Amino acid sequence: MSSDDGRWDDGPENVLRFPGPDAVLPERLLAGILCGRPVRAGAAPEALALAELVSALRPSPRHDELRGEAAAVAAFRREMSAKGWEEPVRPPLRPSVSAKIAALALASVVGMGGVAAAAADGSLPAPLQAIAHALFGAPPAQSDGHDGNDDLGGNAPFPMPTDTATRSPSPGEPSATSPTPVPTDVPTPEPCTPELALPEPCEVVADAGPEPGDVLEPGPTPTSTPDLDATDSDGSDTASPTPTPSPYASPEPSSGPYFTGHPTGRPSWLPAPAEPPGRPTSSGRSVPR
Amino acid sequence: MLEESFPDTLARARSGDEHAFAMIYRDVQPGLLRYSRANAPGHGEDITADVWLEVTRALRRFDGDEQGFRAWVFTIARRKIIDHVRRDARRPTILLEDPEELRLQEARDVADDYEVEEATRQALTLVRTLPPDQAEVILLRVVAGLDNTEVAGLLGKTPGAVRVLSHRGLRRLATILTEPMVAGGVDR
């Protein structure tokens, strides 16, 4: 039998003439030998010899085979100390850092946008508003109390538009938004402090024409209900997009060189009437007392 | 084989535990050394030292079970052996220029051979007589403890081809083993 050509187990004639390795060593037996399964004692000599050879090949640690352990452990130690072992946790940190940066950027955008919006609206505190005015032309800072909107912070450059019909207090009780809602308590206007006086908004207010609050004020020609009706029926005053001062949101007299009184107040040069011509109602009309 | 304790041992080794690394070394090194000696006689120690150096460098990047770890280590060893064989093929005359070095190398080879148990040495010698692909498959199956699929992945063959190669090699070994018995023994 030739074992050098590598094909002695392929032809059926070999099996017929000789016992043949296929018959002695079937694939199941070879697979078992490779996996280290024991071969029974009565097996073919080839199988027993092969099992012994494979068993000798299987690693059974001997001292001489492990003599390189000290060097390998030393290399392992050097590698540990050289690189450290914190690198595997680096990838999880990247999203965290990115999230922090994104959150910071978002907070900056929102914060700066809010400050910019407040500056454009004139709602910043006076020192900051002055800075914003100097930097990018935001509305200038207002002095406290001169615009009659202290309940809204007192810093708005213009009085807030209000609806007189919905904000009229009931007769005999003060308005919740105004410490001095009674028309008879006309505050005495005070001149603006020169350094805090800002004429522009005052001019706008002064030129705004008849105001809803005028119906509560003792004008030069008092007690004219038809005129008040005409003013209300016009609708342009109460529904106008132009900001108009609220008659009930004027706790202090305004200041300014061109605006000598609160829109709802009585001009200082006018004589004080003995009695107001009427009182506000929920419909915005004056009701004679 | 560490089997159930392998995941924990590997995790401790990856975190820098020298004792855990030594346990893995003791489990893998004997087969690795025999595989290296069978494929590069006289250079088994150097090759395994290079393999473990690379393992320590890349251990933290490894993620897998024990069989996967063994396949990874033997893949490194196989690449080192191929590099060694190519390097030796490029400079065959260097040793002849230094006869003293050649004698020292031969002495080391003999010492290595005698340090290996006699049965193992004879078995490795017999396996070396096989065609290279059959010998490598049998060594990876038996010495490295890998299955057909892992050996196939390592060698770039199909599991069926690996099975055929291993069975052919075993049959040839059986023939070699039985012929000397008929002829009166072998002197290896």
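Hydrogens, waters and symmetry mates are skipped; everything else that's a heavy atom, side chains included, is used. Every chain is numbered from 1, with letters handed out A, B, ... down the list of sequences. This is a predicted model, so every value here is computed, not measured.
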_Does any backbone or side-chain atom of B/Asp17 lie under 4.5 Å from a heavy atom of chain A? Answer side chain, backbone, both or neither._
backbone

*Please answer whether the main-chain N or O of A/Ala56 pairs with a side-chain N or O of B/Thr120 as donor and acceptor at a distance below 3.5 Å.*
yes

*What distance separates B/Leu177 CG from A/Leu48 CG, expressed to the nearest 0.5 Å?*
11.0 Å

*Are any side-chain N or O atoms of A/Arg58 and backbone N or O atoms of B/Gly31, one a donor and one an acceptor, separated by less than 3.5 Å?*
no

_Salt bridge present between A/Arg67 and B/Glu45 (N-O < 4.0 angstrom)_ = yes

_Just so I know, are the side chains of B/Leu33 and A/Leu66 near enough to count as touching, which here means a heavy-atom distance under 4.5 Å?_
no

_Validation row: B/Tyr25, A/Val73 side chains within 4.5 angstrom (heavy atoms)_ = no

*Segment of B/Leu170 engaging chain A (4.5 angstrom heavy-atom cut-off)*: both

*Among residues 30-41 of chain A, which ones touch chain B with a heavy-atom distance under 4.5 Å?*
A/Leu30, A/Ala31, A/Leu34, A/Cys35

*Above 12 or not: heavy atoms from other molecules or residues under 6.0 Å from CD of A/Glu52?*
no

_B/Leu173 and A/Val54: CA distance, side-chain angles, deciding distance, side-chain contact (heavy atoms from CB on, under 4.5 Å) verdict_ = CA-CA 10 Å; B/Leu173 284 175; A/Val54 170; over 6 Å; no

*asked:* Using the salt bridge (charged side-chain N to carboxylate O under 4.0 Å, His left out) criterion, which residues pair with B/Lys157? Sequence neighbours excluded.
replied: none

*side-chain contact (heavy atoms from CB on, under 4.5 Å) partners of A/Ala71, counting only residues at least two apart*: none

*Does a side-chain heavy-atom distance below 4.5 Å link B/Arg34 with A/Glu65?*
yes

*Report the residues that fulfil side-chain contact (heavy atoms from CB on, under 4.5 Å) with B/Arg163, sequence neighbours left out, ordered by chain and then residue number.*
A/Glu27, B/Asn148, B/His167

*Side-chain touch B/Gln29/A/Glu69, heavy atoms, less than 4.5 angstrom*: no

*Who wins among B/His19, B/Arg141, B/Gln134 for the most heavy-atom pairs under 4.5 Å with chain A?*
B/Arg141

*State, yes or no, whether a side-chain contact exists between B/Val55 and A/Phe76 at a heavy-atom distance under 4.5 Å.*
no

*Check B/Thr178 against A/Glu46 and note the closest heavy-atom contact, atom names and distance.*
CG2-CG, 2.9 Å

